[in-house]
Amino acid sequence: TQLLEQSPQFLSIQEGENLTVYCNSSSVFSSLQWYRQEPGEGPVLLVTVVTGGEVKKLKRLTFQFGDARKDSSLHITAAQPGDTGLYLCAGEKVGTYKYIFGTGTRLKVLA
Amino acid sequence: ETGVTQSPTHLIKTRGQQVTLRCSSQSGHNTVSWYQQALGQGPQFIFQYYREEENGRGNFPPRFSGLQFPNYSSELNVNALELDDSALYLCASTLRNAQETQYFGPGTRLLVL
């Protein structure tokens with residue numbers, strides 16, 4: 001059972017465009033992480049959000065955790081070819097140290 | 001660099017064989033989780049070890065087993081390999097009770113023929 005749904009699954013955009021990736025669930029999470037993964041490598045942590053309603057910014061990336069801690073979004077401003085990769089969200093199940101991963105969003109930014 | 005290392009990086013096995021994958025946690029981390037990532041999908045939780053004991057398991061059969069050692073390094077063992085076991089196997093370490101996030105190793109790519 002996939003508890004975390006990401007959308008869109010695939011995204012191909014031109015350099016300079018903005019985009020938003022969504023991560024939705026019916027479950028409440030203690031925290032939520034966003035990762036970026038390159039082919040053949042492990043996921044690299046981008047950010048962890050813990051508090052409902054929290055917004056974190058990392059240069060051109062803005063992450064938001066839903067008020068109810070069931071969903072999250074990643075917004076990229078002025079995308080660059082270097083942003084290309086697989087973006088994964090992962091929620092920590094409440095009361096555990098276990099993470100459930102989303103289905104992933106594969107982003108391609110064209111120069 | 002996350003400080004989490006895995007070996008080997010790549011491995012080819014045939015159906016029915018057994019395989020052992022290894023993971024060294026980031027220094028000071030006492031919890032390790034293993035994930036299976038099939039091509040084009042997100043990682044699926046296999047199990048987690050905390051202080052050398054299994055602490056939760058995903059929907060994987062008993063032929064997937066693990067160990068955690070006193071130095072917190074870990075092994076994933078898979079018996080009776082099947083073609084569908086071909087995947088990237090990831091380990092991630094964290095420090096429990098410290099609100100420390102988990103950090104992933106580079107993974108081991110397993111191909112079962």
Side-chain angles (χ1 to χ4, degrees), chain A residues 1-10 21-25 27 29-51 54 56 58 63 65 72 74 85-108, chain B residues 1-7 9-10 21 23-26 29-51 53-60 87-111:
Chain A
T1 302
Q2 189 65 51
L3 297 180
L4 270 173
E5 298 290 337
Q6 282 186 241
S7 61
Q9 280 189 294
F10 300 95
V21 177
Y22 299 94
C23 178
N24 295 299
S25 175
S27 301
F29 296 104
S30 301
S31 66
L32 193 137
Q33 299 181 330
W34 283 92
Y35 294 86
R36 191 175 87 189
Q37 186 178 23
E38 303 291 339
E41 298 180 9
V44 176
L45 181 68
L46 297 174
V47 78
T48 299
V49 285
V50 179
T51 307
E54 182 176 3
K56 280 192 175 179
L58 185 67
F63 305 86
F65 201 12
S72 182
L74 157 61
L86 177 67
Y87 288 82
L88 295 160
C89 63
E92 180 186 359
K93 296 176 68 176
V94 174
T96 77
Y97 293 85
K98 305 174 186 61
Y99 291 83
I100 304 298
F101 274 82
T103 47
T105 295
R106 192 163 297 280
L107 172 66
K108 186 168 186 179
Chain B
E1 290 291 329
T2 63
V4 181
T5 60
Q6 291 186 245
S7 63
T9 55
H10 298 83
L21 310 182
C23 172
S24 290
S25 303
Q26 186 179 102
H29 283 183
N30 56 14
T31 303
V32 64
S33 300
W34 284 91
Y35 295 83
Q36 179 195 68
Q37 186 177 23
L39 201 61
Q41 298 182 18
Q44 297 291 315
F45 175 73
I46 302 175
F47 44 55
Q48 183 185 84
Y49 277 81
Y50 171 61
R51 291 186 175 177
E53 291 191 0
E54 186 178 296
N55 181 51
R57 188 178 185 93
N59 294 327
F60 283 82
L88 180 68
Y89 287 85
L90 298 160
C91 75
S93 74
T94 190
L95 178 61
R96 176 170 281 198
N97 298 328
Q99 294 191 325
E100 179 81 9
T101 56
Q102 62 173 354
Y103 295 92
F104 280 85
T108 293
R109 172 77 60 189
L110 172 65
L111 177 61

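Protein chains get the first letters and strands the later ones, always in sequence-line order, with residue 1 at the start of each. For clarity, every value in this text was computed on a predicted model and none was experimentally measured.
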* Asked: Is the B:Tyr35 ring parallel, tilted or perpendicular to the B:Phe104 ring (thresholds 30°, 60°)?
  -> tilted

* Structure fact -> Residue from B:Thr9, B:Leu39, B:Asn55, B:Thr31 scoring the most non-hydrogen pairs under 4.5 Å with chain A is B:Asn55

* Asked: Between A:Gln6, A:Gln37, A:Arg106, A:Glu92, which has the largest tally of heavy atom pairs under 4.5 Å with chain B?
  -> A:Gln37

* At what distance, to the nearest 0.5 angstrom, does NZ of A:Lys93 lie from NZ of A:Lys98? -> 7.5 Å

* Between B:Gln6 and chain A, which part of the residue has a heavy atom less than 4.5 Å away: side chain, backbone, both or neither? -> neither

* To do: Identify which part of A:Gln9 has an atom lying under 4.5 Å from any heavy atom of chain B, answering side chain, backbone, both or neither.
  => neither

* Asked: Do A:Thr105 side-chain atoms and A:Pro8 backbone N/O form a donor-acceptor pair below 3.5 Å?
  -> yes

* To do: Would you check if the side chain of A:Lys56 reaches a backbone N or O of A:Thr48 as a donor-acceptor pair within less than 3.5 Å?
  => yes

